[in-house]
Amino acid sequence: MAVGSGPCLLAVALLAAAWISDASSSDKQADSSQQYVNCMPCSRTYIADAYVDALTSQLSEHRELTEVRDTADLCKGLADELDVPTLSEVNRQLVGEGSHRRLIYSIKFGNSKDAMVQFLDGYDANLVILEKLPSGVFADPFELQHFVERKVFLDVAVFGDTNLELPSALSNRSAVEIHFDLKPSTSMDYNLVIELPLHARYPPLDASGYATVEFGSPDLLLRYRRKETRPDPCVWALQNLHATPVEKAAWRIPCGDEAHTGFVSSLTFISALVCSMSIVLAASLTP
Amino acid sequence: MATAAAATVRWRVLAASAALRLALVAYGEWQDAHLEVRYTDVDYLVFSDAAASVAAGGSPFARATYRYSPLLAFLLLPNSLLHPAWGKLLFSAADLLVGLFIDTILELRGVQAKTRIWCVVAWLFNPFTFTIGTRGNCEPIVCAAMLWILICLMKGRVLQAAFWYGLIVHFRIYPIIYAIPFVIVLGKNYAGPAGRPVLTQWSSKQQLQSNKARENVEEPTSLLATLWNFLSTLVTRDTILFGLLSGSMFFAWTGIFFYLYGWEFLNEALLYHLTRTDPRHNFSIYFYHIYLHHQQGFSSIQRLASFLPQLIVQLALIIRFSRDLPFCMFLQTVAFVAFNKVMTAQYFVWFFCLLPLILPWTGMKLKWKGLVCALVWMGSQLHWLMWAYLLEFKGRNVFVQLWAAGLVFLAANTFVMIMVIRHHSHTPLFSAPAGPRTKIAAKKE
């Protein structure tokens, strides 16, 4: 069905494949599609929603991307001889202790300041971060929404399992898409620091006492469109920024030990029984 | 003169606590805007989002984790229309109302003005309660409604009591534990000679204890006869009216919201609370047991084993203390929270609002037994909180220690309950003109 739908679909599929496979294979693909510019109608807010199932499913099974339409012709003229910003440096760090931590991205653009200002004068541009969360970690969409209200992010969405309360054993994976507005500003150095608050679920039981959750590489994209003379229909151009794979972040989460089951359950029930009996006794012995 | 002076003191206390709450709400707005750690309760944001969803013509359950009656979202509509702090002011107002109701109840029971002030202060200046209302927790509304129901029962307004009781059980479910004691006090001895209930006065408690001693002699000896006698006292016009009206109120509200929001409402607002088990850490002794079993589920024996202690304690307390209704409600609530499968700090407000109602009848002096009880209770809670902090904010594996701290907290709750029971002078809420002897005594007077 989607065979003839052109390079647009191909790029999206590549992107999805990059998520599913590990960072090394996405590295190889990076070279082949370096110059490629993809397009997306403005009516579509998020990039990740079309293949969210592929993104978050536990099996690395490749799903048909039926929702993506052929928009290649709409792209024409958008990417022509344009000095689109590129990244020079991306760092990601997991900061904090315990069940509530922050992923902090520090991002540097490789272009000169003047080139950036010039580009952003002519184009609306957003940095898009797609972070596929490993099983056992979640982002609270309501908490992130308050970031949007405070204008920290332009927009944010969480795809996949957004039940915030279930332990990992009973929940699925999710992915976060952050849109960060790039504004022309002479004061700014185009060194961005973006924080994503994350929370740990209760991991499955394990005798080692700790479950280690590892983050893969995020995907960084630039989304831009001309400020004036917008073509009809309106489209965003998407450029994969192909950030070099960042350091793997690992999160150690304490977990219960199955060996405790016997004494914990029996002592729990015995304590409840002893306490209830002493209350009953005290009640019946009062004059 | 003395009563006028007491009334001035009472209004001053209320004004001071109102000012305190306003200041805290204002401070909360500041902290939310400036500090990383919010003052506002996370649940308040959930209510507010749900209210905003209703204001936009949607369902409150569109907001994930909204697990309350839609009525709460309706109450908080002004949050999105007027000001986001509306709900906090509403909850704080309910909180003040609880103070006023405590005073009313104790006055009806003949407690002196000076003692009443201290009891009201024990609620209004309890750091647990004023922070809970101002942080945006809805429990003060439930507390106010429960005390108002108690006032209605004390004044003989059975229908009004039933109306509010049905509504509040729909709203928060846990007050269902008071259903049996309510029916027991509404039984045969409820209405006095004038058709209205006669309240036992605080000053006359000695005399009453001697009355009670005489009643005991008359009790039938056979267990079956006792049971039959007891059950037959429960079928009266008042109990039937109360049961029918409160039951229809409950089902009417539940029906309306089921019609409006469907299964989402029933699952989230009702069934969720009935079947709730939380594997994440909370004060309940059961949390680690639940976490250890969450991957394979629970056997019916395990379910029964965790339900039985709760049931036994509730029944024992009801059988033993229901005639002293406020005391019974206090103990029932402490026990219900202590043995529950999920326990969070907000549940403590449920019994904090009933505590002032039993203080005038306790023989426990603040020096030192009262203080010991308070310290044991708070100390075991702080101990638990320390382990919880290490687990949640330091990422240390202290599940076993945290679970043991939960057992210690249960022991502390049990200790405090036993102390309270042993030092309480049992005083039925209503002086029942039951036996013929009391009637004669009344005639002689």
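Chain A is the first sequence line, chain B the second, and so forth, proteins listed ahead of strands; every chain is numbered from 1.
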Visitor: Specify which of A:Ser278, A:Ala282, A:Cys275, A:Ser271 makes the most heavy-atom pairs with chain B at under 4.5 Å.
Guide: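 So the answer, after comparing A:Ser278, A:Ala282, A:Cys275, A:Ser271, is A:Cys275.
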Visitor: Taking distance alone, no hydrogens or angles, what donor-acceptor pairs closer than 3.5 Å link side-chain atoms of residues 410-419 of chain B to residues at least two apart or in another chain?
Guide:
unit_1, atom_1, unit_2, atom_2, d
B:Asn413, OD1, B:Trp377, NE1, 2.9
B:Asn413, ND2, B:Phe409, O, 3.3
B:Thr414, OG1, B:Leu410, O, 2.7

Visitor: Please report the closest heavy-atom contact between A:Met277 and B:Ile312, naming both atoms and the distance.
Guide: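 Scanning both residues completely, I find the closest heavy atoms to be CE-CD1, 3.8 Å.
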Visitor: Looking at B:Arg67 and A:Glu165, does any basic side-chain N land under 4.0 Å from a carboxylate oxygen?
Guide: yes
Visitor: Please enumerate all residues that pass ring pair (Phe, Tyr, Trp, His ring centres under 6.0 Å) together with A:His199, with sequence neighbours excluded.
Guide: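 With sequence neighbours excluded, A:His199 shows a ring pair (Phe, Tyr, Trp, His ring centres under 6.0 Å) to A:His100, A:Phe138, given in chain and number order.
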Visitor: For the OG atom of A:Ser276 and the CG atom of B:Leu311, what is their distance to the nearest 0.5 Å?
Guide: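 These two atoms lie 10.0 Å from each other.
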Visitor: Quick one: closest heavy-atom pair of A:Phe142 and B:Asp49, and the distance?
Guide: CD2-OD2, 3.9 Å
Visitor: Counting neighbours of CZ on B:Arg422 that are heavy atoms of other residues, nucleotides or ligands and sit closer than 6.0 Å, is the number greater than 12?
Guide: no
Visitor: So B:His293 and A:Glu258, do their side chains get closer than 4.5 Å, heavy atoms only?
Guide: no
Visitor: Identify the residues of residues 390-398 of chain B whose heavy atoms come closer than 4.5 Å to a heavy atom of chain A, ordered by number, or report 'none'.
Guide: B:Leu391, B:Glu392, B:Phe393, B:Lys394, B:Gly395, B:Arg396, B:Asn397
Visitor: Taking all heavy atoms of A:Ala283 and all of B:Ile421, pick out the closest pair and write down the distance.
Guide: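 That closest heavy-atom pairing would be CA-CG2, 4.3 Å.
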Visitor: Please determine whether the number of non-hydrogen atoms from other residues, nucleotides or ligands lying under 6.0 Å from atom CZ of B:Phe307 exceeds 12.
Guide: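 Open: at most 12 neighbouring heavy atoms sit under 6.0 Å from CZ of B:Phe307.
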Visitor: For B:Leu315, is it the side chain, the backbone, both or neither that has a heavy atom under 4.5 Å from a heavy atom of chain A?
Guide: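 Looking at B:Leu315, nothing touches chain A.
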Visitor: So, does B:Tyr291 use its side chain to make a donor-acceptor pair with the main chain of A:Gly256 at under 3.5 Å?
Guide: yes
Visitor: Using atom types as modelled and distance alone, determine if a side-chain donor or acceptor of B:Gln295 lies under 3.5 Å from a backbone N or O of A:Ala169.
Guide: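 No.
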Visitor: Any idea which heavy atoms bring A:Thr268 and B:Ile285 closest together, and the distance?
Guide: CG2-O, 3.5 Å
Visitor: Quick one: which of A:Leu205, A:Val280, A:Leu170, A:Leu166 has the most heavy-atom pairs under 4.5 Å with chain B, could you say?
Guide: A:Leu205
Visitor: Can you tell me which portion of A:Pro203 sits under 4.5 Å from chain B's heavy atoms? Options are side chain, backbone, both or neither.
Guide: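 Contact with chain B is through both the backbone and side chain of A:Pro203.
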Visitor: What part of B:His281 gets within 4.5 angstrom of chain A, counting heavy atoms only: side chain, backbone, both, or neither?
Guide: both
Visitor: Run the numbers on A:Tyr202 and B:Phe287 for ring pair (Phe, Tyr, Trp, His ring centres under 6.0 Å), then give the verdict.
Guide: CA-CA 12 Å; A:Tyr202 268 42; B:Phe287 99 84; 7.2 Å; no
Visitor: What part of B:Thr65 is in contact with chain A, defined as an atom under 4.5 angstrom from a non-hydrogen atom: side chain, backbone, both or neither?
Guide: side chain
Visitor: Apply side chain to side chain contact (heavy atoms under 4.5 Å, CB included) to B:Trp403 and A:Leu267, showing your working.
Guide: CA-CA 10 Å; B:Trp403 160 76; A:Leu267 271 180; 3.7 Å; yes
Visitor: Just checking, is any N or O donor in the side chain of A:Ser265 or B:His289 under 3.5 Å from an acceptor N or O on the other one?
Guide: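 Side chains of A:Ser265 and B:His289: pair found under 3.5 Å.
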Visitor: Report the C-alpha separation of A:Ile279 and B:Phe339 in whole Å, then their side-chain angles, then the decisive distance to 0.1 Å, and conclude whether the side chain to side chain contact (heavy atoms under 4.5 Å, CB included) test is met.
Guide: CA-CA 12 Å; A:Ile279 293 168; B:Phe339 288 96; 3.8 Å; yes
Visitor: Work out which heavy atom in A:Ala272 is nearest to a heavy atom in B:Tyr286; give both atom names and the distance.
Guide: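 Shortest heavy-atom separation between A:Ala272 and B:Tyr286 comes out as CB-OH, 3.6 Å.
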Visitor: For chain B, which of A:Pro141, A:Pro167, A:Gly96, A:Ala200 has the most heavy-atom pairs under 4.5 Å?
Guide: A:Pro167
Visitor: Quick one: list whatever passes side-chain contact (heavy atoms from CB on, under 4.5 Å) with B:Gln314, sequence neighbours left out.
Guide: B:Ile177, B:Gln310, B:Gln332, B:Ala335, B:Phe336
